[in-house]
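What you see below is based on every heavy atom in this structure, not just the backbone, and it leaves out hydrogens, waters and symmetry mates. Please read these numbers as outputs of a predicted model, since none were measured by experiment.
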Amino acid sequence: MRNTLKKIAVTTGVASAAVVLGAVPSMALAATTWTVSPNPAPFTAVSTNTVLSVSGIPLTCPTASAGGSAFSATGNPATVGNITSATFGTSSSPCTSALGPVTPVATTTPAWQLVAQDYTSGVTTGYIKNIQAKLTVLTCSFNVTGEVNAKYTNSTKKLSVSNSSAHQLTVSGATAACAGIVANGSHPTFTGDYSVTGITSIIGT
């Protein structure tokens with residue numbers, strides 16, 4: 001009888017402990033510390049393969065550039081850079097499409113923001129937000145705003161951009177001449193690889 005009571009007491013104690021442990025809220029994950037070198041790091045970035053695809057029509061820029069400043073931060077996600085200038089094409093190397101010349105004009109006030117979310121083996125992934133630009137193709141003009149995926153690789157000093165359902169661009173303000181070319185609410189894709197000067201590394205710990 002005494003052994004039976006002891007077993008009941010032990011079982012009850014284990015069960016009670018399990019209930020108590022289950023009631024304790026899970027601890028929040030520690031925020032990531034993002035170390036940018038140098039800090040701050042004024043940077044420039046140049047690409048020779050940016051493509052904005054609208055309704056399946058690629059708008060290609062043989063050259064594109066961006067500039068701003070990167071800096072250390074804490075958080076996940078965390079803003080680790082501001083892009084304060086962005087240009088696409090030049091007078092001697094303009095952006096083109098099957099429909100004709102393309103003129104993109106970026107608005108970087110407020111600044112586009114480089115946001116870091118994950119770090120693995122020298123590669124930081126996240127996204128760029130606050131993107132704003134106006135594009136003109138022949139007599140059609142429209143605005144593009146939103147976000148794109150971003151990946152920075154320390155070993156190559158390259159910033160790559162792409163799209164996903166989580167981070168996408170949206171068309172608005174399309175003029176009547178854009179009928180059959182692009183519609184408001186559509187989601188163009190943007191891809192490119194930028195060679196970065198000024199940022200030695202971005203590390204998340």
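Side-chain contact of S47 with D193: a donor-acceptor pair under 3.5 Å is absent, judged by distance alone. Side chain to side chain, S164 and N149 meet the donor-acceptor criterion of an N or O pair below 3.5 Å. Using modelled atom types, one finds no donor on one side chain facing an acceptor on the other under 3.5 Å when comparing S201 with N154. A donor atom on one side chain and an acceptor atom on the other are not found under 3.5 Å apart for T205 and T33.
Exactly one residue among T96, L135, L138 makes a side-chain contact (heavy atoms from CB on, under 4.5 Å) with V102. That residue is L135.
For W112 (side chain) and T107 (main-chain N/O), a donor-acceptor pair under 3.5 Å exists by modelled atom type. Proximity of a side-chain donor or acceptor of W34 to a complementary backbone N or O of G75 within less than 3.5 Å is detected.
Summarising the geometry, atom OG1 belonging to T153 is positioned 10.0 Å from atom CD1 belonging to I202; distances are rounded to the nearest 0.5 Å. The distance from atom OG1 of T189 to atom CD of Q168, rounded to the nearest 0.5 Å, is 11.0 Å. Remark: T32 OG1 to Q117 CD distance equals 10.0 Å, nearest 0.5 Å.
Note: the hydrophobic cluster containing Y194 also contains F43 (ILVMFWY, side chain heavy atoms under 4.5 Å, direct or indirect links).
Looking at heavy atoms from C-beta onward, N82 lies out of side-chain contact with S69 at the 4.5 angstrom threshold. Using a 4.5 Å cut-off on side-chain heavy atoms (C-beta onward), L59 and C95 make no contact.
A perpendicular orientation is assigned to the rings of F190 and F88, their planes being inclined by more than 60° (bins at 30° and 60°).
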